[in-house]
Protein chains: 2
Amino acid sequence: MDVSGSILPRRTSAVLCERCAGAVRGLCHSLDDLDQVALAAASTTLRLPARSAVFREGDRATAVFTLVDGAAKLLRSLPDGRQQIIGFRFPGDFIGYTARDRYPCDAELVSDATVCRLDRGRLESMSRHCAPLSHRLLELCAEDLAAAQEQLGAMAQRSAEGRVAAFLLTLHAAARRNHEPGIELALPMTRADIGDYLGLTIESVSRVFAALRREGLLREPSRGHVSLTDLGALEALAGAEGMSQATPTA
Amino acid sequence: MDVSGSILPRRTSAVLCERCAGAVRGLCHSLDDLDQVALAAASTTLRLPARSAVFREGDRATAVFTLVDGAAKLLRSLPDGRQQIIGFRFPGDFIGYTARDRYPCDAELVSDATVCRLDRGRLESMSRHCAPLSHRLLELCAEDLAAAQEQLGAMAQRSAEGRVAAFLLTLHAAARRNHEPGIELALPMTRADIGDYLGLTIESVSRVFAALRREGLLREPSRGHVSLTDLGALEALAGAEGMSQATPTA
DNA sequence: CGTATGCTTGACGCCTTTCAACCGACGTGG
DNA sequence: CCACGTCGGTTGAAAGGCGTCAAGCATACG
């Protein structure tokens, strides 16, 4: 179900950046104080349970969201019931921002989460008056694009082990961005989610995790948590991995 | 080498849209006549040979380009000499537009081509004064993003045959967009290019082409040309396993 | 003509998928 | 309290797709 608009609506306090847009990687730095207050007035903080949808593909894109806490997956449902996972999003990420009038994919939570909902019209009208903001929004889009292309390259030529290693490293990078201490990270998504994302079966994912555990590259202290105990080795797997097939021309 | 700026510079005639931006999928519709003239004054048309670079990853992004004629590939060179091809671009496509100050990837021609070079500063200052234009630019970025994500899903779960079929269909769609008549399309890129794009070896690509030929789904009348003789079957192959590829029979 | 480049085809083997069985955690209802 | 079903995860064995290695052909070019 689509919840974009109700469920525990709660006005944020006056300064938006503290709780919400502050996490949007500097989105608010583009705005003066007055505008920040205006944007805050148009935003609500929602607490949502795991597995609920923030929005669905095809819904009218009337809002954008900041993931404050928790994790989400972006996906397209395939006609045959399978799902293609576009990517995962973490605290501080901006989701649902699009140039079209409908969302291009589903956004579904993989853990309980807190999201901050911003009215899209409000954001856009502000961006029209504020060049730095609109530039920042374009930049966010470009970043997503770069990430998707990176991912594309990554997936294309990597073995199962390399893909999982790369995936774990992006998780790690996301945790570092959010200043989460320690080497243990949350792994709220299922093997099926990971497999759908990486283009592997759950069995393959499971086997790779088992292998990495066996080789001492990671530990799984409890379900939903993983700690990477040999980042260097993981990077080696993620980087120099897979099929050689050099294209000998430069 | 980077050629963005020299080689056969030639002023376009006053009305930009005829030759160049007209092909940018309606970019100019956002501009009034005066602005079009201004933009035209800041643009030059270049004729470049196959294999030359329009720009290189890391170059200062001082210009954006419209591909008027020919085909290009966007790619990232990997440290080990391999290359990951991000995508192919065709006449009417806009390349080199980025929010950053350096190009995120190489753009290399796979055939002789004509490109139209626009000064980036000029474009950006105009977009600041023209909301529809800036919205259109954002939209272009969002389209690229959607395409990349589509591709991501495609690659993740399709077999070699499915990937090639999907690739051929996007080529076909590009040709249709440009109102190219007939079922025969140009296929200027090498098997290696296709393989790097799809995450396959040249042998696999070659075998798939051979199989498709054998099964009567396509013919290759001459090197660099292919005609799809059974679009329905190709769509079935492309769709059967994985992403439903938005375009049904058209 | 000889070389380079792009393409094709065959044989072989590894890696991932497929199919299947099983385990532990959890929640439900009798 | 415990039987039972569900769900997520793990592991094994077999099958097959695609990468790898290798040889050979065609076209273009100096």
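Lettering of chains follows the sequences in order, A, B, ..., and the numbering in each one begins at 1. Keep in mind that what you see is a predicted model, and the values were worked out from it rather than measured.
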- Message: Quick check on the helix from C:dC1-D:dG30 to C:dG30-D:dC1: what's the angle between its two end axes, five base pairs per end, to the nearest 10°?
- Response: 20°
Nearest listed nucleotide, side chain of [X], among [options]:
X: A:Glu220; options: C:dC7, D:dT10, C:dT16; answer: D:dT10
X: A:Leu200; options: C:dT17, D:dT10, D:dG19; answer: C:dT17
X: A:Arg213; options: D:dT10, D:dG8, C:dT8; answer: D:dT10

- Sorted by first residue and then second, give each salt bridge (charged side-chain N to carboxylate O under 4.0 Å, His left out) pair with at least one member in residues 215-224 of chain B; sequence neighbours left out. B:Arg191-B:Glu220, B:Arg213-B:Glu220
- Message: Applying salt bridge (charged side-chain N to carboxylate O under 4.0 Å, His left out) as the test, list every pair that has at least one member in residues 164-174 of chain A; sequence neighbours left out.
- Response: none
Is [X] reaching over with its side chain to a backbone N or O of [Y], donor-acceptor style, under 3.5 angstrom?
X: A:Arg89; Y: A:Leu67; answer: no
X: B:Thr190; Y: B:Asp193; answer: yes
X: B:Asp106; Y: B:Glu57; answer: yes

- Query: Is any NZ, NE, NH1 or NH2 atom of the basic residue among A:Asp196 and A:Arg76 found under 4.0 Å from an Asp or Glu carboxylate oxygen of the other?
  - Reply: no
How many Å lie between [atom1] on [X] and [atom2] on [N], as a whole number?
X: A:Arg223; N: C:dC23; atom1: CZ; atom2: C1'; answer: 11 Å
X: B:Arg214; N: C:dC7; atom1: CZ; atom2: C1'; answer: 15 Å
X: A:Ile194; N: D:dT10; atom1: CD1; atom2: C1'; answer: 14 Å
X: B:Arg191; N: C:dT5; atom1: CZ; atom2: C1'; answer: 14 Å
X: A:Met189; N: D:dC7; atom1: CE; atom2: C1'; answer: 18 Å
X: A:Leu198; N: C:dT17; atom1: CG; atom2: C1'; answer: 15 Å
X: A:Arg51; N: D:dG8; atom1: CZ; atom2: C1'; answer: 10 Å
X: A:Asp196; N: C:dT17; atom1: CG; atom2: C1'; answer: 14 Å

Across the strands shown, which category fits [X] at heavy-atom distances under 4.0 angstrom: base, sugar-phosphate, nothing?
X: A:Ile202; value: nothing
X: B:Gly199; value: sugar-phosphate
X: B:Thr190; value: sugar-phosphate

- Task: Go through the structure and list residues passing ring-ring contact (aromatic ring centres under 6.0 Å, His included) with A:Phe88, not counting sequence neighbours.
- Result: A:Phe167, A:Tyr197
Are there any protein N/O atoms within less than 3.5 Å of an N/O atom in nucleotides 18-22 of chain C, and if so, which ones and at what distance?
residue, atom, partner, partner atom, Å
C:dT18, O4, A:Arg207, NH2, 2.8
C:dC19, N4, A:Glu203, OE2, 3.2

- Task: Using the test side-chain contact (heavy atoms from CB on, under 4.5 Å), find all partners of A:Glu108 that sit at least two apart in sequence or belong to another chain.
- Result: A:Arg56, A:Lys73, A:Leu75
- Query: Taking the side chain as C-beta and beyond, is there a heavy-atom pair between A:Leu168 and A:Leu212 under 4.5 Å?
  - Reply: yes
